[in-house]
Each structure stands twice: as C-alpha cells, then as structure tokens.
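In what follows, chains carry the letters A, B, and so on, assigned in the order in which the sequence lines appear, proteins first and then strands, with residues in each chain numbered from 1.
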Number of protein chains: 2
Amino acid sequence: MKPPAKRITSTDVARAAGVSQTTVSLVLNNKPGQRIPTDTRRRVLEAARQLNYRPRGSARTLAAGRSNVVLLALSGMPISPSVSGFIEHFGSSLATRGLTLVTHLVASGARALEDVSAAVDASAVVGLEPFDEPTAEALHQAGVDLVLAVGADFSPPQKEIGRLQARHLLDRGHRRIGYALPERQAFRSWAEERLHGVLEVCAERGVDPAVAQPTGLDDAEAAQAVAAWRRQSVTGVCAYNDEIAIAVLAGLRAHGLTAPDDLAVVGVDDIPVARLAAPPLTTIAFDLGAAGARLAEVVAAGLDGGDVELSVLAPGPQLLVRGSA
Amino acid sequence: MKPPAKRITSTDVARAAGVSQTTVSLVLNNKPGQRIPTDTRRRVLEAARQLNYRPRGSARTLAAGRSNVVLLALSGMPISPSVSGFIEHFGSSLATRGLTLVTHLVASGARALEDVSAAVDASAVVGLEPFDEPTAEALHQAGVDLVLAVGADFSPPQKEIGRLQARHLLDRGHRRIGYALPERQAFRSWAEERLHGVLEVCAERGVDPAVAQPTGLDDAEAAQAVAAWRRQSVTGVCAYNDEIAIAVLAGLRAHGLTAPDDLAVVGVDDIPVARLAAPPLTTIAFDLGAAGARLAEVVAAGLDGGDVELSVLAPGPQLLVRGSA
DNA sequence: CGAATCAGCTAATGCGCGTTACTAACGCGC
DNA sequence: GCGCGTTAGTAACGCGCATTAGCTGATTCG
C-alpha cells in the first residue's frame, strides 16, 4: 500500500545535525544540568523538525524504564457529554505535562485491563470505578506505578449533587420525595453517594427519608415506579441522571400525568436532550472539565513520587431550573 | 505508596523453568517450526503462570519491530450506545487476534494524533472520519503500518439509512419531506451520505427533493426549522440522528403542534431516550457490534499484509416504527 | 607555565525482548 | 568406527533510545 516508509531515528537526526545521538537525546529531552550552546541546540531542533522526527515510544520507555502513557479505564458507563468533556480536559492537561492519555473501554470479551496496560506499558492507570483487588494487584505487578480509582467522592462530590436536588424539591414545598435509582450495577457507588446526599437533606429538614426505587429506561417500567411513588404520596423525585429522569417523565405520561404538577422531577448531567424534554428537565450541571484538569495535576504529581490527594477537585455543581421541577 | 514491585522478566521465567530466555520466548510466542517437547513447554507455561509474567509491551515492540496496539481515534462525535457497542466488539475481536485496542479522543488541546500514536507505538490507527492528508502522512512516518478511515460507506452504508427513513415517510403518504442536518461540522461526511440516500429515494419516487435544514439542539432553533418546513408544505422530516429528531419534536411543541400529525419525524440511532420521547420516536437502529467485529478482521488482515477491503460489513439497518412517524 | 577547572561534547552500555546462528547430544545406517 | 540428520536446546546480537562515564580543548588559577 505504501513504501516501507523508513522510520527516522534519533541517529538520523544526529547525523543531519552533525552531532552525536547522545546530544540529540539531551537536547530533545531538555536535560537540565547539561550545557548545550544555543547554536547546537538550534541545529538539533531544526534537524528534528525537518526530518519530522518523533521518538519511538517503545524504545524510549524501554530505555527510561518508565513510559509517559496514562491509561483511562472506562467501565461501561454511558459517555455523556460531560464525561467526554472530562476526558478531553484530562487528556490535554496531561499533554502539557508530557503525558499521553489513552482510554480503554472495559468490556466483557475484551482484553483484561492488565493486559492492555502491559501492551502500552502504562505508567498510570485511572478508573472511574474502584478496581477490584486482584486487578489492582495485577496492574502493579505489570509495572504500573500509579493505580488511581476516581471514586464517588471525586469532583463534584456526588453527595453534593444529591443534596442540591433534594434541597430544590424541599424548597419548592415538596414534603415527601422519591429517588430513582439506575438499574445497572456499574455505577452503584456513584448512585449511593448521590442518594446519600438526598437522605441527609431529608434528615436535616425533618421530612421522611426519600423513597428509592429502581427505574428502568422504559416507559412501562418507569410507570410502575411512578405508581409506587404516588401510592406513597411522593410529590417530587430526584433521578440518578437525566436519562432516568426522562424515563420518569415518560412514566408520568403513561398515566396521563405531567410534571411538575403531579410529580416534580430533577435530573443530573444536563445532557443535550434534557432541555428538549416535555417539560424541559430541571437538572444539575457540573463542569467535569475542571475536574479533568485537576486530576491530571494529581496524576502527574503521583508519578513524580508525590502524594496522591484527591479531595475536592472542581467548582461545585449547579442547579438548572427548567420546567420539570 | 507501594513497594517498588520488581517486574518479572522473561529471564525470571526462564530461571524458574530451568531453561534459557530464548526458549521462554519461543514457547510463549508459540513459534512454529520449533520443536519444543511438550514437557518443556509445560514447564515454561507453568512458570510464567506462577510468576504472573506479562511481557513488557515496549521491549516486545522494540525487538519485534512492530507492536500489537491498534489505536482508535474518535473525533468528538457523541458516543452513543451503538458506538460504544461498536468499540467493545471491535476491541474484543481484536483481542482474539492478539491485538490490543486503545482509543483516543481527539480534542483541541490534546496531543496530536501522531504523537499519541508514537507514544504507544501503534501499528494501526483507525478513525471514524477521514484523516486529513498531513495527519495520515505523519502517521505513516511515525511508523504506523495501517491507517484506516472508516468512512460513511462503512457499515451500514449511511446512504442506506437515509433511504430507509425516506421510504418510510413516503410509504406513509408524505409527499414532501425535510431533512434535519446537524450543526456540528465533525460529522458532515456521514450526514451528507445519509441525506444523499434520502434524496435518491425522493428522485426514485418522483417527489420533490427533501428540504434540508440545519437544526440546533435547542427548542427555539428547532422551532425555526419547523416553521421553515411548514412554510414549504413539508409534512415529514428525517433527522440526522435521534438527538436532532428530539429537538424537532421540541420545536413542534413550541408551536403547539405534535408529531406525527403536524409533522412526522424519523430519527437514527435508537438512543435510550428515543423510546421515551413524546411521542416515542420512530427511528433506525443498526448493529454496530457486528461491524466492529468485521472491522477487526479487516485490520488484522491489513496488518498481515493482506488487502484492505472495507465494503459492506454488517447486517442492514432496521426501521423501528414508534409513535413519531 | 603546569595544574585545575570547565564547557561541550561523545563512546559505550543496557533496558527486555525476538531472532538468528550455532552446538551438543543422540540415533542410524554402513 | 564414521558421517549425517535430527532433536532440543542455547549464546549472542540488536531494536532505538536514555543515561553514565569520560574525553578533548580552551580558559583560569596559583
């Protein structure tokens, strides 16, 4: 298809610049403590640019004993726009630190995470759900320096999201609220944190604890959940996310009811279709971009041997009041 | 955080099995033409398993001169469930062929694709949009053997999707139809293919060409598009995807109109909220999983020096008739 | 004016693996 | 006994880079 396309090596650059390969390496990696005159440096950089030289990751990794690859493991959660915003910011922010982000969707038939990690020789692996112990151990054994699970306490604290939802409903005068849980097991930890926030607020305001109800993405299933809530005099529900909130809206329609009069609904995420729902969905938006940038900082620090401190990483979540609650 | 966690090398395995490192390599890579007695083979495999040995990708790549990493470049398109299904199948299917898939979200501030590719030393790079010439060239120069852009003729042929949408509307008696284009430039090539299919059907059936109209994800914008269509006596519209279709539904509501009576709407993708729309969205579903598996075949063949033949890769798209058209 | 310093480089080494070349041991026919 | 083929391995090399140790010539110092 193409001519063999001879790869340019640092030796080629060295030859072109009239210096040794060592010098090329020193210049390109900007090694401190080395006295390279500006002129030589310029010649090397120029030659590298002209030849379009790009060091081979495998050789560099092998020699240096550590790669600059960070692997992000996504475990089947829906990639909402805010998640991809997160990924993009995470990636760019890592890039400015000389690190390269690649992601891997962990699927059943796919390669085990530790194999992927070994294949790209990742020096850090970040996940959005806790890793199970064997996996974490295997990753370490496979030479990963930093294994980091961004849990539900990650930015914004998921609990805070639940609190915002609940406060809004209570502020609007609702006295008995419900919570729509996802059916998928994958995001349990996030869901529980959010629900926890809701329950906290209920307790603080002295109302009955929220009535949690798993809710499928289907109007029939959602209609059942709606019926259950209404039986228990629930007048407003917080949904785990916008998709589920929209399902609740559909469930209401199935009964000939509407939000917010018959049941108020608050989502989370502000996905694009949220504002297009009938009625437009009141929801919680949060900027994961900032969190991604912050996480990159944390990862870079961790790889430098520093401490890994996750804590609160970004501006708080924001309530968007639209029609549904 | 953790003890240095000494990495196990193939030499460690060799020592444990009482053979040379060469033998370990031969056994683990299942080199044909080598006569390794079953017993020795067993000993090596056992030792590798016990030590939990995993070859370092960088060393392997460097020595072999080619990696087993395939890089999938996603350029800011929304990751709908069917796309992630595609990725998962693609990944697993590559895995059975000894290849490892990682993906990279191409974002503005992020690392250039060729840098990412060099960092992981990918031997194939696959994209869902055509690469521009400089990028493709740079990838080749960076040592990528196979650069593959899965275009709009990929499975299912995007044109076919447009045809299905249009046929459905015409079969229902609509005589003048519209097309809702995405605003984002990123998926122009896909959008054009789909629109092309719609126009073909219009021509075949002898009705006026579909009226194309960019449609934003916002009820105000969508309402404008709706007004424009109605001015031109359009009674049914095909949308580029479900999100846009849902926007059109919202635009209708803004005018106090409803689908399908005032304007029929057909989407594409069957995203989870499609069935939850009011009215439930008639849409086109297609199985990208099969396409992913097929694509893996193509990539594997391409890396073996075979020919790269994309053509039709999967079962055709399927019309799901729900309430909106 | 020789020794010590230093700037500016380079030769050499090894990372962990795949691969090529080579050998030691063992039959087997004559 | 010798020659020859086969089996079952192994020693050695090199991939492209980072890194360490050192080397050369100029400058400064005592």
Colleague: Judged by atom type as modelled, is there a donor-acceptor pair below 3.5 Å linking the side chain of N29(A) to the main-chain atoms of S25(A)?
Modeller: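 Side chain of N29(A) to backbone of S25(A), a donor-acceptor pair under 3.5 Å: yes, one is there.
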Colleague: Verify whether one side chain among S123(B) and R66(B) offers a donor that lies under 3.5 Å from an acceptor in the other.
Modeller: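 The criterion, which ignores hydrogens and geometry beyond distance, is not satisfied for R66(B) and S123(B).
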Colleague: Rounding to an integer number of Å, can you tell me how far R66(B) CZ sits from dG16(D) P?
Modeller: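 Going from CZ in R66(B) over to P in dG16(D) covers 15 Å.
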Colleague: Counting N and O atoms only, with roles assigned by atom type, does the side chain of R111(A) sit under 3.5 Å from a partner on the main chain of A95(B), one being a donor and the other an acceptor?
Modeller: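 Checking the backbone N and O of A95(B) against the side chain of R111(A), a donor-acceptor pair under 3.5 Å is found.
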Colleague: Touch check for T61(B), heavy atoms < 4.0 angstrom, all strands: base, sugar-phosphate only, or nothing?
Modeller: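 Counting heavy atoms under 4.0 Å across all strands, no contact is made by T61(B).
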Colleague: Can you work out whether L62(B) or K31(A) has the more 5'-proximal nearest nucleotide on DNA chain D?
Modeller: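 Mapping each residue to its closest nucleotide by heavy atoms, the 5'-most match is L62(B).
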Colleague: Are any of the side-chain nitrogens in D121(A) or R54(B) under 4.0 Å away from the carboxylate oxygens of its partner?
Modeller: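 No, no charged N to carboxylate O under 4.0 Å.
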Colleague: Using modelled atom types only, decide if a donor and an acceptor are shared between the side chain of S117(A) and the backbone of L113(A) within a distance under 3.5 Å.
Modeller: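 Absent.
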Colleague: Roughly how far, to the nearest 0.5 Å, is the CG atom of D115(A) from the NE2 atom of H104(A)?
Modeller: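 H104(A) NE2 to D115(A) CG: 9.0 Å, rounded to 0.5 Å.
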Colleague: Taking the side chain of P37(B) as heavy atoms from C-beta outward, which of dC17(D), dT19(D), dA8(D) is closest to it?
Modeller: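 Closest nucleotide to the P37(B) side chain: dA8(D).
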Colleague: If a stem is a run of at least 3 consecutive Watson-Crick or G-U pairs, both distances under 3.5 Å, which stems include DNA chain C?
Modeller: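 Consecutive-pair runs (3 or more) involving DNA chain C: C:1-30 with D:1-30.
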Colleague: Just the endpoints, please: which first and last nucleotides of DNA chain C, 5' to 3', lie under 4.0 Å from a heavy atom of chain B?
Modeller: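 Counting from the 5' end, contacts occupy dG16(C) to dT20(C).
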Colleague: Judged by atom type as modelled, is there a donor-acceptor pair below 3.5 Å linking the side chain of R43(A) to the main-chain atoms of D39(A)?
Modeller: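 Not confirmed, R43(A) side chain does not pair with D39(A) backbone.
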Colleague: Send over the distance from I36(B) CD1 to dT6(D) P, rounded to a whole Å.
Modeller: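 So the two atoms are 18 Å apart, to the nearest Å.
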Colleague: With the threshold set at under 4.0 Å for non-hydrogen atoms, list the residues of residues 14-28 of chain B touching DNA chain D in residue-number order.
Modeller: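 Those residues whose heavy atoms fall under 4.0 Å from DNA chain D, taken from residues 14-28 of chain B in numerical order, are V19(B), S20(B), T22(B), T23(B).
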Colleague: Is the backbone of S93(A) close enough, under 3.5 Å, to the side chain of T96(A) for a donor and an acceptor to pair up by distance?
Modeller: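 Flag set: sc T96(A) to bb S93(A) pair under 3.5 Å.
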Colleague: R56(B) CZ to dC15(D) C1': how many Å, rounded?
Modeller: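 Taking atom C1' of dC15(D) as the reference, CZ of R56(B) is at 15 Å.
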Colleague: Just verifying a value: how many Å separate R56(B) CZ and S10(B) OG, rounded to the nearest 0.5 Å?
Modeller: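 Between R56(B) CZ and S10(B) OG, I get 11.5 Å after rounding to 0.5 Å.
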Colleague: Using only heavy-atom distances, determine whether the side chains of T61(A) and S58(A) contain a donor-acceptor pair under 3.5 Å.
Modeller: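 No, no side-chain donor-acceptor pair sits under 3.5 Å.
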Colleague: Has the side chain of T135(B) got a donor or acceptor atom that lies under 3.5 Å from a matching backbone atom of F131(B)?
Modeller: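 Judged by distance alone, no pair lies under 3.5 Å.
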